[in-house]
Amino acid sequence: MEQTVTMTVNGKQVSATIDARTLLVQFIRENLQLTGTHVGCDTAQCGACTIHMNGRAGKACSMLAVQAQGADITTIEGLSADGSHPMQKAFHECHALQCGFCTPGMVMSAVQLLNDNPRPTEEQIREGLEGNICRCTGYHNIVRAVEQAAGQA
Ligand code: FES
Ligand code: FES
């Protein structure tokens, strides 16, 4: 069954007629060609697909695009056009990535974390990012990057 969905993505209103079973992450990547949002597991475990919906971080593989009808979505591309968001800069400067596969989702979760708690402890950072899996870095530099973005390093 086809359905028309309209939402705001990175400040622009988008509308498309899609299969009602289309996942939000598929809609973002395939219909909108915003491929910074990754798919690592498709089962809501890895966090690679994390976006912000109505100001809250969420996993775009765990909802249908039609569930985002009318929503305000921000993807990694909407955070800054050129990687200049303080969290992106901190990840770069702290070498908080290796393959980079987890990075967009990790950054989106980290931004949410600081929005909720601008001065997190290391433990709170680790807890806040526990829905995002990184197979490369060992997490240490990711934690450092979040501390730096919070002005604590
Ligand atoms: Fe969504 Fe892994 S792809 S959590
Ligand atoms: Fe490779 Fe995180 S940098 S999975």
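Whatever order the structure lists them in is the order used to number ligands and atoms, beginning at 1.
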Under 4.0 Å from a heavy atom of Cys49: give me the atoms of ligand 1 that qualify, with their elements. 1 (Fe), 3 (S), 4 (S)

pair Arg29-His38: side-chain heavy atoms closer than 4.5 Å: yes

Are Asp82 and Lys89 ion-paired here, with the side-chain N under 4.0 Å from a carboxylate O? no

Would you call Thr75 and Leu32 a side-chain contact if the rule is heavy atoms closer than 4.5 Å? no

Report, in ascending order of atom number, the atoms of ligand 1 lying under 4.0 Å from any heavy atom of Asp42. 2 (Fe), 3 (S)

Atoms of ligand 1 under 4.0 Å from any heavy atom of Ala44, numbered from 1 in the order shown, are 4 (S)

of all protein heavy atoms, closest to atom 4 (S) of ligand 1 is Gly47 N, 3.1 Å

Thr50 and ligand 1 - part of the residue with a heavy-atom distance under 4.0 Å: neither

Within the stated cut-off of 2.8 Å, is an N/O/S atom of Cys41 closer than that to atom 1 (Fe) of ligand 1? no

Hey, is the main chain of Gly105 close enough, under 3.5 Å, to the side chain of Asn132 for a donor-acceptor pair? yes

Below 4.0 angstrom from a heavy atom of Arg135, which ligand 2 atoms are there? Numbered from 1 as shown, please. 4 (S)

Out of Gly40, Gly100, Cys102, whose heavy atom is nearest to atom 2 (Fe) of ligand 2? Cys102

Examine the side chains of Glu123 and Thr121 and answer whether a donor and an acceptor come within less than 3.5 Å of each other. no

Side chains of Gln69 and Thr6 only: does a donor on one sit below 3.5 Å from an acceptor on the other? no

What residue and atom, counting heavy atoms only, is the protein's closest point to atom 3 (S) of ligand 2, and at what distance? Gln98 N, 3.2 Å

Close side-chain approach of Ile142 to Met106, heavy-atom, < 4.5 Å: yes

Does the distance from a Lys or Arg side-chain N to an Asp or Glu carboxylate O, for Arg126 and Glu130, drop under 4.0 Å? no

Strictly under 2.8 Å, is any N, O or S atom of Cys46 next to atom 2 (Fe) of ligand 1? yes

Could you list which atoms of ligand 2 come closer than 4.0 Å to a heavy atom of Cys134? 2 (Fe), 3 (S), 4 (S)

